[in-house]
S.K.: 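After the C-alpha cells below, expect a handful of questions from me.
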There are 2 protein chains.
Amino acid sequence: MRSRPTIVDVAARAGVSKSLVSLALRGDDGVSPATRERILAAADELGYRSNALARALRQHRTMLLGVVVGSLDNPYHTEVVESVERAAERHGLSVLLAHGARRAGRMAARLDALGDLDVDGLVVVSSWADPELLQAAARRAPVAMVGRSLEPVAGIDSVNNDDERGAALAVGHLVAAGHERIAHLTSSRRPAGLARRAGYEHAMASHGLDRHVRVIERGRDEPAGPGLDAALADGCSAVFARNDVEAFDALDHAWDRGIDVPAGLAVVGYDDSALALRARPRLTSVHQPRAEMGALAVELLRERWAGRTADRHEVLTPRLVVRASA
Amino acid sequence: MRSRPTIVDVAARAGVSKSLVSLALRGDDGVSPATRERILAAADELGYRSNALARALRQHRTMLLGVVVGSLDNPYHTEVVESVERAAERHGLSVLLAHGARRAGRMAARLDALGDLDVDGLVVVSSWADPELLQAAARRAPVAMVGRSLEPVAGIDSVNNDDERGAALAVGHLVAAGHERIAHLTSSRRPAGLARRAGYEHAMASHGLDRHVRVIERGRDEPAGPGLDAALADGCSAVFARNDVEAFDALDHAWDRGIDVPAGLAVVGYDDSALALRARPRLTSVHQPRAEMGALAVELLRERWAGRTADRHEVLTPRLVVRASA
DNA sequence: CACGAACTCTGGAACGTTCCAGATCATGAG
DNA sequence: CTCATGATCTGGAACGTTCCAGAGTTCGTG
C-alpha cells in the first residue's frame, strides 16, 4: 500500500506549484482553463484524494458534527439521529456519534472527546442534559439540543416539540371519545416527561375532569402492571402514556390480562415512533416532527457559524395520529 | 471565545520547550517529576486540551473508526452499532457513523467521505455490500464486515453468525414440538437471508420433512398476509421467519386473523433483537451474539493494525432463545 | 580529577493543507 | 515606448502536534 499521494505529487506531475493545485481543486477561478484541466487530470491519474485532516487543521473547521445521544434503544432517538445525519450530509458535514450518554459522567467524557476532535458543532439528543456540561461544551463549539432541559440554558440553542400541547391533544381526543377517567402513565422525572404530565393535568382540568386526574408513576424498570390494575379497578378507561415505549407496556399488560384495546382500555402514546406501527392494535400517538427537528438543529448550528449570537429555542407543534388503540 | 491554548502556550507558562510539554503530557518517563508537575499544572491552569487533529496529521493515525450501517430502523443493526461503539471506546477510538447505506451509490459516497477523513478502520454493518466497494475502501484502511457477503471477499475480514445452524436450531425446536408443516417466511434475497433459507431447507430434509418445505416469499414492502393465509390453509402450523421483523409481521397477521399463537400458529424469529421481547406473545428467536460481534469486529481491525495480513472470517454460534411464541 | 553514562531537556523539521504577499507576463491605454 | 492593469502563478509561512538528533547537566567510577 504505497502512501497516499498529496497535493505536492499532483503539482509535480502537472508541472505547477502546490498552491495552484490547491486553488484548482477548490475551483478558484483565477486558474486558467488549460492548466486547471491539466491539474485535474494529474490528480485523477494519481488517484489523489484530499486530506480532510490537514485542511481542517489549517482552516480551523473540521466539517464534523458531534452527535451525542442517550441511547439508541428508543426508536424515537434513532430516528432523530438519522434525520440529523441526513441534514448534515446535505451540507457536507460528517457525523461523529457518541451514544450511551445517559449518565452525566459519560456524557461529559464523550463531549470532551468530541471537543478534542474539534467538531464544528454538537447536537445533543436526549431528554435531559446537565446545563453546566452543555455550557462547558459550548465554549468549544456551538451546541444545539434536541430535547428538553428544565428551562432554556443560556448559550444553548434548542429544538423541541410542545409537550404540553401534545398532551392536550391526547387528552382531548380521549375526552371526545367519551372517556372521563383518564390516567397518565409515566416513569420519567425528566423535563419532557414532566411537561407532558403537566399538560395532561391542565388538559384534564380544562375539561372539568380535575377529580379524575390519576398519575401512574413507576420507577425506571418497574412493571406498569400494578399501577394499571389499580387504575382499572377504579374505573379508569383510558391511559395517556408518556411515550410510545410506555404505551407499549400498557398494551402488553392489557394483552396479558385479556383486556380488549380500545374497548376495555384506550391507549394513547407519545412520539409516534416506529413502535406505534408495530403495536397491536396500532397505537394512536402524538407525532413529533422528527425529520424537521433534526434538520432544524443542524440549521441552528449553521446560523451560529454564520455569526448569530442570540439564543434560539424552537418549539414545534405536535399533532395527533389516530390509529386503532384509542 | 479566545482561541484554544496550545502546547506552546503551556510551554511558555511552564518555562520549558514545547517538545518537553508534549513528552510530559504523553506520560513519557524521561521527564523529571518536578517539571512534569509544573507542566501539568500549567496545562491545567490554561485549560489546555490537546488537538487530536494535529496529532493525527503528524502520527498518521486518527483513532477514528468509520461505521457504515444500512439503516438504523432494524433494532438488530442499532445493537451491533452500539456494541461496536462500546468496544471502540474501550480502545480510545471514536466512532464516525454513516447510515442509510443501502444503495451502493450512497454507500460508496459515505465510504469515500470516511476515507477522506483518514479513519483508521471501517466496520460495515449490513446484510450486504458490493465486494468491489469494500475492496476499494480497504485500500485506504482495513475493513471488517459484520454481516454476510455471498462468499468471503478477499482482503476483507468478517464477523458472522452461522445462519444455517441457526435455522437448524429453529426448525429442530419446532419439530420437537410436534410440527411438521413448517413454513419459512422471507422477503430477502441477500446472503444472510439465503443462508437461513438454505439452512431451513436442509434441516427440514434432515428431519425427513422435505415434502413440507414451503417458502413464503414476498417483496420488500409486500404484506405477509396472503402467503401466510395460503400456508395456513394448507395445514401449516408453524413459521420460521427470516428475522424478528418478519416474525413480528407474522404475529401481527395472526393477531389480525384472531389466530392464537402458538396454538394456532407457532412462530420463531431470528436475531433475538429488542423486538422479540416487545412481541406478544414474546418471540422465540435465534440469538446472535451481537455484543460479541461488535467487539470482535473492532478486534479484527486492531489485529490488522498490528500487522496481520491474512484474512479472518469469524463465524459465531447462534443459540435458540425459547419464549412463548413457539 | 577525568570521563562516559544516564538523565533532562531543546530546536527544528515534518505531516498536508490553505493563506498571503508578491512575482511574472501579456495587454491595452496614453 | 512606457506603464498601469489584470490574469495567472509561486514560494514560504502557518495550523498544532510529534519525531529526531543532539545539547547540557549530573553523577558514579576508576
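Predicted model only: the values in this text are computed from it and were never measured. In what follows, every chain begins at residue 1, and chains take the letters A, B, ... in the order their sequences are listed. The analysis underlying the following values was restricted to heavy atoms, covering all of them including side chains, and did not include hydrogens, waters or symmetry mates.
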S.K.: In residues 25-37 of chain B, what residues come within less than 4.0 Å of DNA chain D, judged by heavy atoms?
M.R.: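 Listed by number, they are Arg26(B).
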S.K.: Taking the side chain as every heavy atom from C-beta outward, state whether Val298(A) and Leu65(A) have any atom pair closer than 4.5 Å.
M.R.: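 The answer is yes, as the side chains (C-beta and beyond) meet within the 4.5 Å cut-off.
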S.K.: With the sugar-phosphate defined as primed atoms, P, OP1 and OP2, and the base as all remaining atoms, what B/S/- string results for nucleotides 23-28 of chain C, 5' to 3', for protein heavy atoms under 4.0 Å?
M.R.: ------
S.K.: Heavy atoms of chain B, cut-off under 4.0 Å: which first and last nucleotide of DNA chain D, 5' to 3', fall inside that, if you could look?
M.R.: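 Contact span on the strand: dG16(D) to dC19(D).
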S.K.: Listing request: all salt bridge (charged side-chain N to carboxylate O under 4.0 Å, His left out) pairs with a residue in residues 115-125 of chain A, at least two apart in sequence or in separate chains.
M.R.: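 As it turns out, the salt bridge (charged side-chain N to carboxylate O under 4.0 Å, His left out) pairs with a partner in residues 115-125 of chain A, which skip direct neighbours, are Asp116(A)-Arg140(A), Asp116(A)-Arg49(B), Asp118(A)-Arg4(B).
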S.K.: A quick test of your reading: do over 12 heavy atoms of other residues, nucleotides or ligands sit less than 6.0 Å from CD of Glu45(A)?
M.R.: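 For Glu45(A), atom CD is crowded (more than 12 foreign heavy atoms under 6.0 Å).
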S.K.: Could you give the angle between the helix axes at the two ends of the helix from dC1(C)-dG30(D) to dG30(C)-dC1(D), with five pairs per end, rounded to 10 degrees?
M.R.: 60°
S.K.: So Arg36(B) and Ser32(B), side chain to side chain donor-acceptor pair (under 3.5 Å) or not? Walk me through it.
M.R.: CA-CA 6 Å; Arg36(B) 148 163 300 130; Ser32(B) 79; over 6 Å; no
S.K.: Let me spell it out: for each of Leu23(B) and Leu57(B), pick the nucleotide of DNA chain C with the closest heavy atom. Which residue's pick is nearer the 5' end?
M.R.: Leu23(B)
S.K.: Against Val125(B), only a single residue in His77(B), Glu79(B), Met145(B), His99(B) fulfils side chain to side chain contact (heavy atoms under 4.5 Å, CB included); can you say which?
M.R.: His77(B)
S.K.: Name every residue in residues 8-17 of chain B that has at least one heavy atom under 4.0 Å from any atom of DNA chain D, in order of residue number, or write none if there are no such residues.
M.R.: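 Output list: empty, so none.
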S.K.: Is there side-chain contact between Ile156(A) and His313(A), with heavy atoms separated by less than 4.5 Å?
M.R.: no
S.K.: Hey, what do you get for CG (Leu40(A)) to CG (Asp44(A)), rounding to the nearest 0.5 Å?
M.R.: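 One gets 8.0 Å once the value is rounded to the nearest 0.5 Å.
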S.K.: Please check if any side-chain donor atom of Ser83(A) sits under 3.5 Å from a side-chain acceptor atom of Arg290(A), or the reverse.
M.R.: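 The answer is no; no qualifying pair exists.
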S.K.: Count the heavy atoms belonging to other residues, nucleotides or ligands that lie under 6.0 Å from CD of Gln135(A), then report whether that count exceeds 12.
M.R.: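 Enclosed: over 12 neighbouring heavy atoms sit under 6.0 Å from CD of Gln135(A).
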S.K.: Evaluate side chain to side chain contact (heavy atoms under 4.5 Å, CB included) for Leu64(B) paired with Leu117(A), printing each intermediate quantity in order.
M.R.: CA-CA 10 Å; Leu64(B) 247 36; Leu117(A) 279 164; 3.9 Å; yes
S.K.: Decide, yes or no, whether a salt bridge links Arg110(A) with Glu85(B) under the criterion of side-chain N to carboxylate O below 4.0 Å.
M.R.: yes
S.K.: May I ask you to say whether Asp311(B) pairs ionically with Arg304(B), meaning some side-chain N is under 4.0 Å from a carboxylate O?
M.R.: yes
S.K.: Please check this pair: side chain of Arg38(A) against backbone of Ala14(A), looking for a donor-acceptor N/O pair closer than 3.5 Å.
M.R.: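 A pair under 3.5 Å: yes.
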S.K.: With a 6.0 Å cut-off (strictly less than), is the heavy-atom count around CZ of Arg61(B), excluding the residue itself, greater than 12?
M.R.: no
S.K.: Is the closest basic N to carboxylate O distance between Arg302(A) and Glu299(A) below 4.0 Å?
M.R.: yes
S.K.: Counting the atoms with a prime plus P, OP1 and OP2 as sugar-phosphate, which does Ser19(B) contact under 4.0 Å by heavy atoms, base, sugar-phosphate, or nothing?
M.R.: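 Base contact.
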